There are 2 protein chains.
Amino acid sequence: MRPTTKDLAKAAGVSRATVDRVLNERPGVQEKTIKAVNAAIKELGFVRNVSAANLAKSKVYRILFLLPQVGGEFLAGIEDEIGVLRLAVRNDNVEISVRRELSRDPHKVVEILSKLSPENFDGVALMASESPQVRDATSRLTERGVHLVQLISGQPDIRPYDFVGIDNFAAGATAASLLGGFNRAREGNVLVITDTMTSLDSAERRLGFDSVLQDRFPELKALPTLESHSDRDRADTIVRNTLRNFSNIVGVYVMSSEAAAPLEAVFRYRDHADQVIIAHEQTPSTTRFLQDRKIDALITQNTGHAVRSAVRLLKARADGVEPLASQEDVRIEILLKENLSRRQFSRKR
Amino acid sequence: MRPTTKDLAKAAGVSRATVDRVLNERPGVQEKTIKAVNAAIKELGFVRNVSAANLAKSKVYRILFLLPQVGGEFLAGIEDEIGVLRLAVRNDNVEISVRRELSRDPHKVVEILSKLSPENFDGVALMASESPQVRDATSRLTERGVHLVQLISGQPDIRPYDFVGIDNFAAGATAASLLGGFNRAREGNVLVITDTMTSLDSAERRLGFDSVLQDRFPELKALPTLESHSDRDRADTIVRNTLRNFSNIVGVYVMSSEAAAPLEAVFRYRDHADQVIIAHEQTPSTTRFLQDRKIDALITQNTGHAVRSAVRLLKARADGVEPLASQEDVRIEILLKENLSRRQFSRKR
DNA sequence: CTGAAAGCGCTAACAG
DNA sequence: CTGTTAGCGCTTTCAG
């Protein structure tokens, strides 16, 4: 049997209440009592039972997902994943809420973040592009005691909070590697489209893409990035114009997570078989395109996993526990028609 | 506040003990009392608090991983993952043990399985090839009340227990798609190697591989499967002979999860750049080969995820709870040099 | 600064 | 067939 607070109390010659005080670093305990309890902890190899503690506290973890207001299939998919998770974690005292109210304007984002406090939320999963203003606001938020994880959009490895998502430079490089590899060494141009280049995510993908193209596929030349600004008509226009101006297009790379409109524009003016086409993220549209072989590959991240990871991280931070690192890594996945996962799950009854 | 058994008891006009009896379908409760309690459950929207129940029962989930006795880097990696997980889940009353004692001989496997009982284990994760004998033994095991999940090796969708792993037909198809796609339409032969074709896994991969090759890459012809029988020297010999007998080899496909020896044999007799090389699973060796561009791609499954998934499934089955299907899907991943995940985890302090 | 006692939601043992 | 009582491991008053 694992030792309990009762055992600690006996070993340290104090009451269970005092053990509790020491365990939770509550104030008002004599230094020597603290030492005695800590010695007992070490000696007995005590590990606290978090669920018993949560039961006693009737603790609920309140987690908020802050998402962009506008979005297409990709964002809808994320909302769905959150919805599924919300039900699944109710048994673990986790209460998830979602707000779709972030805009491109950093000041609006800052305003929303500034209203958040530990009174209302233990943790926030934020899906917003980086900017100096937002960075400051998140710092203040965490200082106020609200845990934060940056979700999908943003930069790994840079600040004192967690990032859940893929390395966009590597994602772009992966796209280039596939596009170049599948292209059979034809010479020509590559059309590159995204939503907007002001987002760091797209910029990083482009850098990764270019670096591999230059290194390994000198026969390919990537054109300047086209920006659709989330506008269907605009996507159509810029694609049409570019296809008209550049004759020898052998590849297309759609960098944005909402790829449907740009891809449809391409299909409208070109036979899909005439070039290698790579896009990002798995949505109903992109899945269909892959199945129909209208595109060659998708670079994706497992959004369900990302969302669960965000919740686990926020919970771990709230508990002051170190998360299981390997589990929280979001991989850059490559999807071909052949490895689209068919079955959701496997069990016959 | 969510309703508790206390609320149920009051609403149904019975004691908490009776509520408990109904909740856990214990015998000896009047039909009408059961109805009353169930009515209250429905009315109040009661959801049981599993961790409170576990606390009261001091329940521990005893889970056994049964692994093959012999194995290389791939199996070692799985053992490592289990080791990490064992520590991580100790706080969740899960006790994991591992036995590396399965042999190729089905009768030995059966013997081991027949000794397992609910007295010792709540669930077993079994990594063994399919065979009629083993199938019977697993059926008897589950009938005895020990939950079972088939891990990595085996067939999805066929029996009344869970399978955690990838669809090997699709994995083989994916390999062919990459090999053919990267090959730039050269005509030639493809060397195919595995450990042993008697395992269903390899057979399935081969079928998937061939089907895509025939459909989409008629310029490629896959040679009969070579079998290394986990023997380094034998791998060397068969590879050398085949390379001597067939001049025009433009591709190599290693189907087995332990790929190091066959790959090294290939490198010994051929310049790696002369053909497209695809193998399975990420291990120290295959990772290095990918980084050095000695191989072109890996088809992998996330073993850490698979192991965690197995534990979650066995726990869910033991609780009689439906698992979160989407989370337990193991994907066929494609690894190029570009999307090898660098960072394990991302947080600066 | 420390301890006693009650309670979180559920289960187990024993009466009745 | 059903209720009472005690207790899982930890936290939270409230005294002292």
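Keep in mind the model is a prediction, meaning the values are calculated, not measured. Note on naming: letters A, B, ... go to the chains in the order of the sequence lines (proteins, then strands), and numbering restarts at 1 for each one. Any value given below was found using the heavy atoms of this structure, including those in side chains, with hydrogens, waters and symmetry copies removed.
Residues passing the salt bridge (charged side-chain N to carboxylate O under 4.0 Å, His left out) test with B:Arg62, sequence neighbours excluded: B:Asp122.
For A:Lys6, a side-chain nitrogen or oxygen approaches OP1 or OP2 of D:dC8 to under 4.0 Å. The side chain of A:Thr33 contributes an N or O atom lying less than 4.0 Å from OP1 or OP2 of C:dT2.
None of A:Leu75, A:Leu66, A:Val149 except one satisfies the side chain to side chain contact (heavy atoms under 4.5 Å, CB included) rule with A:Met127; the exception is A:Leu75. Under the side chain to side chain contact (heavy atoms under 4.5 Å, CB included) test applied with A:Leu126, the options A:Leu67, A:Ile112, A:Leu113 reduce to a single match, A:Leu113.
Here B:Asn24 lies in heavy-atom contact (under 4.0 Å) with sugar-phosphate atoms only. A:Arg21 comes within 4.0 angstrom of a nucleotide base, judged by non-hydrogen atoms across all strands. Contact annotation for A:Val19: no contact, since no heavy-atom pair falls under 4.0 Å across all strands. Across all strands shown, B:Ala17 has heavy atoms under 4.0 Å from base atoms, whether or not it also approaches the sugar-phosphate.
For B:Gln30, counting side-chain heavy atoms from C-beta on, the closest listed nucleotide (C:dG9, D:dC1, D:dG9) is D:dC1. Here D:dG7 is the nucleotide among D:dG7, C:dC8, D:dC10 with the atom lying nearest to any side-chain atom of B:Ala56.
Computed from coordinates, the B:Asp20 CG to D:dT4 C1' distance equals 14 Å when rounded to whole Å. What separates CG of B:Asp319 from P of C:dT11 is a distance of 11 Å, to the nearest Å. Atom CG of B:Leu55 is separated from atom P of C:dC8 by 14 Å (rounded to the nearest Å). Per the geometry, CG belonging to B:Asn49 stands 14 Å off C1' belonging to C:dG7, to the nearest Å. Taking atom NZ of residue A:Lys32 and atom P of nucleotide C:dT2, one finds them 8 Å apart after rounding to whole Å. Rounding to whole angstrom units, CD of residue B:Glu31 and P of D:dC1 are separated by 10 Å. C:dC1 atom P lies 14 Å from atom NZ of A:Lys35, rounded to whole Å. The distance between atom NZ of A:Lys59 and atom P of D:dG9, rounded to the nearest whole Å, is 22 Å.
In this model, a donor atom of one side chain and an acceptor atom of the other lie less than 3.5 Å apart for A:Asp319 and A:Tyr61.
Comparing B:Gly13 and B:Ser58 along DNA chain D, the residue whose closest nucleotide (by nearest heavy atom) sits nearer the 5' end is B:Gly13. Nearest-nucleotide positions on DNA chain C place A:Val29 closer to the 5' end than the other of A:Arg16 and A:Val29. Closest-nucleotide positions on DNA chain C for A:Lys57 and A:Thr18 were compared, and the one nearer the 5' end corresponds to A:Thr18.
Interface remark: the B:Arg2 side chain does not form any donor-acceptor pair with the C:dG9 base, using a distance-only criterion of under 3.5 Å.
Distance check on atom P: D:dT2 versus C:dG9 gives 25 Å, rounded to whole Å.
When all heavy atoms are compared, the tightest approach of B:Val311 to B:Val94 is CG1-CG1, 4.2 Å.
For B:Arg99 and B:Glu101, the salt-bridge test passes: some basic side-chain N is under 4.0 Å from an acidic carboxylate O.
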